[in-house]
Amino acid sequence: MTEPAASTTARPARADLPFRLLALVWVIAGGLTAAVTGPLGLEHGSWSAAFQVLVGGVLQGVLGIAQYGLAARAPGRAVLLAELLAWNLGGLAVIGGTVLGAPLLVDAGGALLVATMVLMLRAVGRRAQGPAWLLWVFRAALVLTAVSIPVGLVLAHLRA
């Protein structure tokens, strides 16, 4: 008996896998940050931990998975790379700018997060396919983020 060819048994890589893996990294980093916040007396430690878990981890994972499940046509590698770089560099810029008291760096990070959301909106497009509940989760995550970013930017400037 012969075994099936590798091409018939291998499953294609999921386009949302990098989002899932980076989300996991952010969640773990947020947990570690939370663990050392008290003992080290980090001024922005609890905020940073929450940001890492919620924005870097959960939101990135939700948006990446939803985009994969909704886009009628999978985004190209260049778009996926741009999304991943913009989201993760934006998150790092927001954290760095907050810790350093540099609101313009926070602004740059917020702009990268917004740019990523625009890319994801374009990738899903008007012809979204997939379950209706996933489309609502995607839209709710985008609205929540779109409302929270300007609030965070104003707070960064007020605290600086």
Side-chain angles (χ1 to χ4, degrees), residues 10-38 40 42-100 102 105-125 127-153 155-156:
R11 296 190 328 195
R14 290 179 58 114
D16 65 345
L17 185 60
F19 292 99
R20 291 172 181 254
L21 293 175
L22 285 166
L24 179 62
V25 168
W26 276 97
V27 169
I28 291 169
L32 293 172
T33 300
V36 301
T37 294
L40 295 180
L42 299 174
E43 181 182 352
H44 298 290
S46 64
W47 170 86
S48 178
F51 185 89
Q52 290 171 54
V53 169
L54 296 173
V55 177
V58 174
L59 198 52
Q60 177 172 209
V62 165
L63 291 174
I65 292 166
Q67 174 183 246
Y68 173 79
L70 294 170
R73 190 173 52 120
R77 287 185 185 194
V79 171
L80 289 174
L81 183 60
E83 290 173 353
L84 290 164
L85 285 173
W87 190 267
N88 290 285
L89 291 175
L92 290 172
V94 168
I95 292 170
T98 300
V99 171
L100 296 173
L105 186 54
V106 177
D107 291 346
L112 286 171
L113 295 175
V114 169
T116 307
M117 294 189 309
V118 169
L119 287 172
M120 289 181 157
L121 273 171
R122 291 189 66 199
V124 169
R127 290 183 262 159
Q129 297 179 344
W133 67 268
L134 187 58
L135 182 58
W136 283 105
V137 167
F138 182 72
R139 289 176 176 165
L142 289 173
V143 168
L144 176 68
T145 308
V147 168
S148 68
I149 287 175
V151 171
L153 297 180
L155 290 174

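None of these values were measured; they are calculated from a predicted model. Reckoned from all heavy atoms, side chains included, excluding hydrogens, waters and symmetry mates.
- The two residues Glu83 and Ala123 have their closest heavy-atom pair at OE2-CB, 4.2 Å.
- The CE atom of Met120 sits 8.5 Å away from atom CG of Leu80, with the distance rounded to the nearest 0.5 Å.
- In plain terms, the two heavy atoms of Leu84 and Gln60 that are nearest each other are CD2-OE1, 3.9 Å.
- Under the side-chain contact (heavy atoms from CB on, under 4.5 Å) criterion, Leu112 pairs with Ala86, Leu89, sequence neighbours left out.
- In this view, Ile28 and Leu24, Leu32 satisfy the side-chain contact (heavy atoms from CB on, under 4.5 Å) rule, not counting sequence neighbours.
- Note on residues 109-121: no pairs pass side chain to side chain donor-acceptor pair (under 3.5 Å), not counting sequence neighbours.
- Considering only residues two or more places apart in sequence or on other chains, Leu135 meets the side-chain contact (heavy atoms from CB on, under 4.5 Å) condition with Leu70, Ala128, Arg139.
- Listed by chain and residue number, Trp47 satisfy the ring-ring contact (aromatic ring centres under 6.0 Å, His included) test with Phe51 (two or more places apart in sequence, or in another chain).
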What pairs of donor and acceptor atoms, side-chain ones from residues 90-97 against any protein atom, are under 3.5 angstrom apart with sequence neighbours left out?
none

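- Not counting sequence neighbours, Arg122 has no partner by the salt bridge (charged side-chain N to carboxylate O under 4.0 Å, His left out) test.
- The two residues His44 and Thr98 make their nearest non-hydrogen contact at NE2-O, 3.6 Å.
- For Leu21, the side-chain contact (heavy atoms from CB on, under 4.5 Å) partners at least two apart in sequence or on another chain are Leu17.
- Asp107 is linked by a salt bridge (charged side-chain N to carboxylate O under 4.0 Å, His left out) to nothing, counting only residues two or more places apart in sequence or in another chain.
- Applying the side chain to side chain donor-acceptor pair (under 3.5 Å) rule to pairs touching residues 23-36 yields Trp26-Asn88, Thr33-Gln52, sequence neighbours excluded.
- At a threshold of 4.5 Å between non-hydrogen side-chain atoms, the residues Thr145 and Leu59 count as touching.
- A distance-only check finds a donor-acceptor pair linking the side chain of Ser148 to the backbone of Leu144 [under 3.5 Å].
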